[in-house]
Amino acid sequence: MENTQENKELNIKTIEKDPLYYGSYLNMARHNIIMLIKHLSNRFKEIKCEELQTEDDFIEKKHFLFVVFDTKQQEIPDERRLGIFNYIIKRNFFPVLKYFKDDLDKQENPELIPFFNKIHDFLELIFKEINDLRN
């Protein structure tokens, strides 16, 4: 019985002990983010944003997702941002964003600017974390 317990403890993977194991998942996540940004840029061509040239551009450049959810970009109406957000949710491109939708649905008269700012900050954070953990 003790032997199986020791085997279970030896098989537990952590990012510190097994970086190559987790690196493949982080590479897939990073690749999927880049592909989604490119798809959304092509789908919504009317929104002006920078194209991704290298793999690291999804953190630094003003790509589609950063432009759409950045409320300082006054030329994009809030209704259009909400439509793009709903497009992303309906297609399950970023399933984690459903939690933001749940919060929005709970409010009677939601304020969209703080809502979009939260999404923007969240995306910046997770993109940076995925890239940092991968490296």
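Note that these values count all heavy atoms, side chains included, but never hydrogens, waters or copies made by symmetry. Along the sequence shown, residues carry numbers from 1.
A donor-acceptor pair is defined here as one N or O able to donate and one able to accept, closer than 3.5 Å; no such pair exists between the side chain of Lys101 and the backbone of Phe85.
Two residues are said to be in side-chain contact when any heavy atoms from C-beta on lie closer than 4.5 Å; His31 and Asn27 fail this criterion.
Contact between Asp18 and Ile12 at its shortest, heavy atoms only, is OD2-O, 4.1 Å. In terms of heavy atoms, Phe64 sits closest to Ser41 at CB-OG, 3.3 Å.
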In a table with atom names and distances, give each donor-acceptor pair under 3.5 Å that connects a side chain of residues 110-127 to protein atoms at least two apart or in another chain.
{"unit_1": "Asn117", "atom_1": "OD1", "unit_2": "Thr71", "atom_2": "OG1", "d": "2.7"}
{"unit_1": "Asn117", "atom_1": "ND2", "unit_2": "Ile113", "atom_2": "O", "d": "3.3"}
{"unit_1": "His120", "atom_1": "NE2", "unit_2": "Phe66", "atom_2": "O", "d": "3.4"}

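Applying the salt bridge (charged side-chain N to carboxylate O under 4.0 Å, His left out) test to every pair with at least one member in residues 39-50, sequence neighbours left out, gives these pairs: Glu46-Arg80. Sorted by first and then second residue, the pairs that involve residues 82-95 and meet side-chain hydrogen bond (donor to acceptor under 3.5 Å, both in side chains), not counting sequence neighbours, are His39-Tyr87, Asn92-Lys98.
For Asn32, the side-chain contact (heavy atoms from CB on, under 4.5 Å) test picks out no residue, with sequence neighbours left out. Listed by chain and residue number, Leu40, Leu65, Phe69, Ile84, Phe93, Phe94, Leu97 satisfy the side-chain contact (heavy atoms from CB on, under 4.5 Å) test with Ile88 (two or more places apart in sequence, or in another chain). The salt bridge (charged side-chain N to carboxylate O under 4.0 Å, His left out) test applied to Asp102 returns no partner, not counting sequence neighbours. By the salt bridge (charged side-chain N to carboxylate O under 4.0 Å, His left out) test, Asp78 pairs with Arg81, sequence neighbours left out. Every residue two or more places apart in sequence or in another chain that forms a side-chain contact (heavy atoms from CB on, under 4.5 Å) with Lys128 is listed here: Asp132.
Ile33 CD1 to Ile130 CD1: the interatomic distance, rounded to the nearest 0.5 Å, is 3.5 Å. Separating the NE2 atom in His63 from the SG atom in Cys49 is a distance of 9.0 Å, to the nearest 0.5 Å. Rounded to the nearest 0.5 Å, atoms NZ (Lys72) and CG (Asp70) are 5.0 Å apart.
Hydrophobic clustering (side-chain heavy atoms under 4.5 Å, transitive across Ile, Leu, Val, Met, Phe, Trp, Tyr) keeps Met35 apart from Val96.
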